[in-house]
Number of protein chains: 2
Amino acid sequence: MSRRIPLNDQSIEIVARRFAVLAEPMRLRLIQSLFDGEKNVTELTALTGGTQANISRHLQTLIAAHVLDRRKEGLQVFYRIADPSIAKLCDLVCGSLEKSLSRQAAHFDAGR
Amino acid sequence: MSRRIPLNDQSIEIVARRFAVLAEPMRLRLIQSLFDGEKNVTELTALTGGTQANISRHLQTLIAAHVLDRRKEGLQVFYRIADPSIAKLCDLVCGSLEKSLSRQAAHFDAGR
DNA sequence: CAAGTATATACGTATTTGCTCATTCACTAT
DNA sequence: ATAGTGAATGAGCAAATACGTATATACTTG
């Protein structure tokens, strides 16, 4: 997007949707929980502290966005991260936030 | 987020907000328009094809999120990209989308 | 000071979306 | 076949938000 020809309207919408998928705290918690390996819905429900219905909905959203993959094993469904760029994305955002937080801290130190 | 200790609830919310700021097509258009240098509101309104009021609102959102900076010069206000990680973020998303699009294309080629 | 221009904001509306409760679906085991 | 368990979905409600219209603010110039 930056070093490329400007995106057309449709591509812009797709990129926006992608960001929107990552714009919900519960979905970020799910992704975070999956960084160390696949887990089933019951485990994810316990780890994130949501209701089963809600977790299941968010998982469907993440599947539709190709962020996660699923694997069925008997009664259980195991989810795992499908898109390796997700971790980089989150790190980029976290890094940028750390910088702006430390900037704010510096301002406070300076008496602002 | 990936190679770090899991984020606490407050940090998760902040990250989610950050993604949410990038989750609107019009805001992405504004960011894209600013990759090649600062522009004032009138220029941005023309480039993105929105109403002045709407553009102004989105610019305030981007300022609040520290994505953009502003500079006043007489009657005009010039906006520019403040956070250099934005370009990387957009490139990452675009790259990941390209991959999944080409995967889909491959599936179609394979007769799916 | 009055008129004009560039930008910001207030308000109302429509749409989206996240959540819960209840139910259904898929699968296993007795 | 029936009961039981894990996961997905339907319905309805509440909150968030993007948009347009109209108005306000900030600044410049005559």
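Reminder, nothing fancy here: chain letters follow the sequence lines and each chain counts from 1.
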Novice: If you take all heavy atoms of A/Phe35 and A/Ala87, which pair is closest and at what distance?
Specialist: CE2-CB, 3.7 Å
Novice: Among the nucleotides C/dT9, D/dA18, D/dA7, which one has an atom lying closest to any side-chain atom of B/Gln60?
Specialist: C/dT9
Novice: As a test of reading the structure: which of C/dT7, D/dA18, D/dG6 is closest to the side chain of A/Thr42, going by heavy atoms?
Specialist: D/dG6
Novice: How many angstroms lie between CZ in B/Arg27 and CD1 in A/Ile12, if you round to the nearest 0.5 Å?
Specialist: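 Rounded to the nearest 0.5 Å, the CZ-CD1 separation comes to 12.5 Å.
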Novice: Calculate, to the nearest 0.5 Å, the distance between atoms CZ and CG belonging to B/Arg18 and A/Leu92 respectively.
Specialist: 10.0 Å
Novice: Specify the separation, in whole Å, of atom CG of B/Leu44 and atom C1' of C/dA8.
Specialist: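 Result: 15 Å.
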Novice: B/Ile55 CD1 to C/dA8 P: how many Å, rounded?
Specialist: 11 Å
Novice: Are B/Val77 and B/Leu75 connected into the same hydrophobic cluster when the rule is that any two of I, L, V, M, F, W, Y join if their side-chain heavy atoms are below 4.5 Å apart?
Specialist: no
Novice: Looking only at non-hydrogen atoms, find the nearest pair between B/Ile31 and B/Ile81 and report the distance.
Specialist: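 Between these two residues, the closest heavy atoms are O-CD1, 3.7 Å.
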Novice: Below 4.0 angstrom from OP1 or OP2 of D/dG6, is there any side-chain N or O of A/Gln52?
Specialist: no
Novice: Could you give the CG-to-P distance, from A/Leu68 to D/dA7, as a whole number of Å?
Specialist: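 The distance from CG of A/Leu68 to P of D/dA7 comes to 15 Å, rounded to the nearest Å.
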Novice: Could you state the CZ-P distance from A/Arg71 to D/dG6, rounded to the nearest angstrom?
Specialist: 17 Å
Novice: List the protein contact pattern of nucleotides 25-30 of chain D with one symbol per nucleotide (5' to 3'): B for base contact, S for sugar-phosphate-only contact, - for none; contact means a heavy-atom distance under 4.0 Å.
Specialist: -BBS--
Novice: I need the CE-P distance between B/Met26 and C/dT15, as an integer number of Å.
Specialist: 18 Å
Novice: Counting just side-chain N and O atoms, does B/His58 come under 4.0 Å of either OP1 or OP2 of D/dC19?
Specialist: yes
Novice: Hey, does the side chain of A/Tyr79 come within less than 4.0 Å of D/dG6's phosphate (OP1/OP2), counting only N and O?
Specialist: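 Indeed not, no polar side-chain atom of A/Tyr79 lies that close.
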Novice: Would you please confirm or rule out a distance under 4.0 Å between OP1 or OP2 of C/dC19 and any side-chain N or O of A/Asn54?
Specialist: yes
Novice: Mapping B/Phe78 and A/Ala53 to their closest nucleotides on DNA chain C, which lands nearer the 5' end?
Specialist: B/Phe78
Novice: It should be established whether B/Arg57 places a side-chain nitrogen or oxygen under 4.0 Å from OP1 or OP2 of nucleotide D/dG20.
Specialist: no
Novice: Is any side-chain nitrogen or oxygen of A/Arg27 closer than 4.0 Å to OP1 or OP2 of C/dT17?
Specialist: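 It does not, given that no N or O in the side chain of A/Arg27 lies less than 4.0 Å from OP1 or OP2 of C/dT17.
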Novice: Starting at OG of B/Ser56, measure out to OH of B/Tyr79 and round the result to the nearest 0.5 Å.
Specialist: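 B/Ser56 OG to B/Tyr79 OH: 5.5 Å, rounded to 0.5 Å.
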Novice: Do the side-chain N and O atoms of A/Thr51 and A/Asn54 include a donor-acceptor pair separated by under 3.5 angstrom?
Specialist: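 Not at all, the side chains of A/Thr51 and A/Asn54 share no donor-acceptor pair under 3.5 Å.
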Novice: Check the distance between C/dT17's C1' and A/Phe19's CZ and give it to me in whole angstrom.
Specialist: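 These atoms are roughly 20 Å apart.
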Novice: Is the shortest side-chain N/O distance from B/Thr51 to OP1 or OP2 of D/dG20 below 4.0 Å?
Specialist: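 True: B/Thr51 side-chain N/O within range (under 4.0 Å) of D/dG20 OP1/OP2.
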Novice: Which whole-number value in Å describes the distance from B/Leu30 CG to C/dT7 C1'?
Specialist: 14 Å
Novice: Could you give the CZ-to-P distance, from B/Arg17 to C/dT17, as a whole number of Å?
Specialist: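 Value for this atom pair: 16 Å.
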Novice: Is it true that B/Leu89 and B/Met26 fall in one hydrophobic cluster, defined by side-chain heavy atoms closer than 4.5 Å?
Specialist: yes
